Trainee: 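What follows is a single structure, and I will ask about it in a moment.
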Amino acid sequence: MSGIVGYIGGQNAVPILLDTLKRLEYRGYDSTGIAVIQNSALVSRKKVGNIEILKESLRNEPFGGNIGIGHTRWATHGKPTEENAHPHIAGKIAIVHNGIVENYLALKESLLKDGRSFVSETDTEVIAHLIDKYFDPSASSGTGSGLETAVQKAISEISGTYALCVISPSDPDKIVIARNENPIVIGLGRGEFFIASDATAILSYVKDVLFLDDGEVAVIKKEGVQVYDKSSRPAAKNIRRLGLNPIMMEKGGYRHFILKEIFEQPRAIWDTIRGRVSGGDIVFEDFRLEGSEAGRIKKIFITGCGTSWHAGLIGKFMIEGLSRIPVDVDISSELRYRNPIIDSETLLIAISESGETVDTIAALREAKKRGAKTVAICNTVESSLSRESDGKIDIHAGPEISVASTKTFTASLSALYILAVYLAKQRGAIGKSEEAERVKGIIALTGKIEDAMGLEEEIEGLSKIFYEKRGFLYLGRGINYPAALEGAMKMKELAYIYAEGYSGGEMKHGPIALIDENTPVIILAPQNSLYEKSLIDIEEVKARNGVVIVFATEGDTEVAKRARHVLYIPHVPELLTPILYSIPLQFLAYYVALRRGLNVDRPRNLAKSVTVE
Ligand code: F6R
């Protein structure tokens, strides 16, 4: 987690570091800090809290320089204090780091024996001392290799993950960066270079970028960039052109990013499917399975974390329902450690908004090691996950700035849906006419989402009644059970209210004990194959005095007889219902959180991209 940035060029680095850090705040905001080389000395400032606090301090006591690094932290080792904030300085070097050094305690012990002293509790300070230990500034004048040699020696002793940027006034004309399992990108300007954990942070400065791969080290000078591979040999790199537009990163008149992103869902879904559904056929540019290859797949595993895992649970219904291929869904942090039965007849689908979630990447690697074919459903073009998978299905939802996922959830579901139709067609489980009909269904969905958006006002009204409740229960059945899980998670992460998602049928086996007149129970009851069962769930909750809020199909008259609060959603085919029913649940969590005065775009303790275990 955490975000790191760097700048080298002709401008003052400080405003650029602050601006790019601001754009990385979604990666954590426990503390921030920057360091620059000013008049041949290291100057740094660190603050607990978000970037605004650091900015304020720099307004009061400014400094500047043409080379600098910065960090916004999501705490792993050590509390969010100024001592633990980055950059960390040892001797004449300053470093910012994203990742975890697993052997830091052993390294620290040996550095302490060498007489070094530590000011923080972090694993990063160990890297700072290691680099300083190996740093021979006199080598810089002769070969210009002082700092990078020290970095290479230091990282050879580290086990764990890192993306790091290092500067030193004793080798003053460069930034040295390195990567292992945590992303880092270099933006290529004219006589200036921008470094960041994520390309979206440097979008307004550059169009062309270089992504570092695992084990690589780069030396960045005003004159140019040299990348070295694991064996310290110069590496040839491809320059990539970014397709994103800086305007997409702004709030566009909405009060919060999350609200804008909720409203962007029809567009995000359309961008995900258009171009892939031409003339009733489904075509994936970067993922193809010929009929015989599709026929060889005996099993599918879907993996992801959090909201992406919920998407996977729904994907299981879509894929099994249409193609009849058995599907297992695993949380990535479980899959990677559970000795799964995966072989060359398995297809692994990894879902990730960021494409940088460390557990999801590890699960993908595990599956590849066991011979599976892999495909990534991902929102971040050129992410580590999509670069490592055999095939990729980019979801084109556009940058999601709010920490809580909304549009990328429903866009992932749309990608899973067309993938399910594609697999079914390739295996002969459905014919051309069903394929065309399914495609028509998802195209029509985008318009129905616009209708579901119309519930916003009604839901805002409901939030007034329920925002002080201590807990919520969310019930769904079949394909809408995972939608209930996702709705409950949105309530937890945005409003900090305990919320439990449950299968309607399972409720009476335990959670029913939670129900009383103070427990709002959200029930997803579309008119589909399990509709009658959902009516029973409503009755069972009412019999225990629970307050029922039902999301039902437009035109349903039965539900209104049973529940006080009913909100109507347009009819769609059963496999598409979770996409539509998730939208009002996003609004509900948003408005409840807003009434509770919370930061809806940056909930506490969270980070958008979880690059640590
Ligand atoms: C919740 C949320 C998280 C992410 C999870 C995985 O709103 O956003 O649960 O879904 O951290 O992240 P990605 O999808 O980037 O792998």
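Bear in mind that the values here come from a model prediction, so they are computed numbers and not experimental data. Both backbone and side-chain heavy atoms feed into the values below; hydrogens, waters and symmetry mates do not. One-based numbering, in listed order, for ligands and for the atoms of each.
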Trainee: Only heavy atoms of Met489, strictly under 4.0 Å: list the atoms of ligand 1 that pass.
Mentor: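 Reading through ligand 1 atom by atom, the close ones are 1 (C), 9 (O).
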Trainee: Check for me whether Lys299 meets the cation-pi criterion with Phe301, that is, NZ or CZ under 6.0 Å from the six-membered ring centre and within 45 degrees of the ring axis.
Mentor: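 Pair Lys299/Phe301 counts as cation-pi.
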Trainee: Quick one: nearest non-hydrogen protein atom to atom 7 (O) of ligand 1, plus distance?
Mentor: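 For this ligand atom, the closest protein heavy atom is Glu493 OE2, 2.6 Å.
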Trainee: On a heavy-atom basis, which atom in Pro482 and which in Ile314 lie closest, and how many Å separate them?
Mentor: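 Of all heavy-atom pairs spanning Pro482 and Ile314, the closest is CB-CG1, 3.5 Å.
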Trainee: How far is atom 12 (O) of ligand 1 from its nearest protein heavy atom, and which residue and atom is that?
Mentor: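 The closest heavy atom on the protein side is Thr357 OG1, 3.5 Å.
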Trainee: Suppose we measure from atom 11 (O) of ligand 1 to each protein heavy atom; which comes out shortest, and what is that distance?
Mentor: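 Scanning the protein heavy atoms, the shortest distance from atom 11 (O) of ligand 1 goes to Val610 CG2, 3.9 Å.
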Trainee: What do you reckon, are the aromatic ring centroids of Tyr474 and Tyr502 less than 6.0 Å apart?
Mentor: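 No, the ring of Tyr474 stays outside the 6.0 Å limit from the ring of Tyr502, centre to centre.
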Trainee: Work out whether the distance between some heavy atom of His310 and some atom of ligand 1 is less than 4.0 Å.
Mentor: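 Contact check His310 vs ligand 1: negative.
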Trainee: Just which atoms of ligand 1 are under 4.0 Å from any heavy atom in Ser308?
Mentor: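 Answer for ligand 1: 10 (O), 13 (P), 14 (O).
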Trainee: Would you mind listing which atoms of ligand 1 come within a distance below 4.0 Å of any non-hydrogen atom of Glu353?
Mentor: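 Ligand 1 atoms under the 4.0 Å threshold to Glu353: 13 (P), 14 (O), 15 (O), 16 (O).
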Trainee: May I ask whether Lys490 has any heavy atom positioned less than 4.0 angstrom from an atom of ligand 1?
Mentor: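 Heavy atoms of Lys490 do come under 4.0 Å of ligand 1.
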Trainee: So, applying side-chain contact (heavy atoms from CB on, under 4.5 Å) with Asn480, which one of Pro578, Ser503, Ser534 is it?
Mentor: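 The side-chain contact (heavy atoms from CB on, under 4.5 Å) with Asn480 is passed solely by Pro578 among Pro578, Ser503, Ser534.
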Trainee: May I ask you to list the atoms of ligand 1 that are less than 4.0 angstrom from any heavy atom of Ala404?
Mentor: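 Ligand 1 atoms under the 4.0 Å threshold to Ala404: 7 (O).
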Trainee: So, for Phe466 and His565, is the gap between ring centers shorter than 6.0 Å?
Mentor: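 Yes, close enough.
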Trainee: Hey, is Val403 touching ligand 1 through its side chain, its backbone, both or neither, going by heavy atoms under 4.0 Å?
Mentor: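 The part of Val403 near ligand 1 is the backbone, not the side chain.
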Trainee: Return the closest protein heavy atom for atom 8 (O) of ligand 1 as residue, atom name and distance.
Mentor: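 Looking at atom 8 (O) of ligand 1, the protein heavy atom closest to it is Ser405 OG, 2.9 Å.
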Trainee: Which protein non-hydrogen atom lies closest to atom 10 (O) of ligand 1, naming both residue and atom, and how far is it?
Mentor: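 For atom 10 (O) of ligand 1, the nearest protein heavy atom comes out as Thr307 N, 3.1 Å.
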Trainee: State, without any angle test, whether Thr410 and Gln265 hold a side-chain donor-acceptor pair at a distance under 3.5 Å.
Mentor: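 Gln265 and Thr410 do have a side-chain donor-acceptor pair below 3.5 Å.
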Trainee: Looking at Tyr496, is Arg604 sitting on its ring face, NZ or CZ under 6.0 Å from the six-membered ring centre and within 45 degrees of the normal?
Mentor: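 Relative to the ring axis of Tyr496, which defines the angle, Arg604 lies inside both limits.
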Trainee: Is it possible for you to check whether Arg438 lies under 6.0 Å from the centre of the six-membered ring of Tyr417, through NZ or CZ, and within 45° of that ring's axis?
Mentor: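 That pair does not qualify as a cation-pi contact.
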Trainee: Closest non-hydrogen protein atom to atom 5 (C) of ligand 1, residue and atom name please, with distance?
Mentor: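 The closest one turns out to be Cys305 O, 3.5 Å.
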Trainee: Heavy-atom contacts with Ser352 under 4.0 Å: which atoms of ligand 1 show up? List them by number with element.
Mentor: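 Result: 13 (P), 14 (O), 15 (O), 16 (O).
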Trainee: Salt-bridged, Glu388 to Arg365, with N to O below 4.0 Å?
Mentor: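 Here Glu388 pairs with Arg365 in a salt bridge, since their nearest N and O are under 4.0 Å apart.
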Trainee: Is the shortest side-chain N to carboxylate O distance from Arg336 to Asp330 below 4.0 Å?
Mentor: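 No.
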Trainee: Quick one: nearest non-hydrogen protein atom to atom 15 (O) of ligand 1, plus distance?
Mentor: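 Checked against all protein heavy atoms, atom 15 (O) of ligand 1 sits closest to Ser354 OG, 2.7 Å.
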Trainee: Can you tell me if Thr380 has a non-hydrogen atom under 4.0 Å from ligand 1?
Mentor: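 No, Thr380 has no heavy atoms under 4.0 Å from ligand 1.
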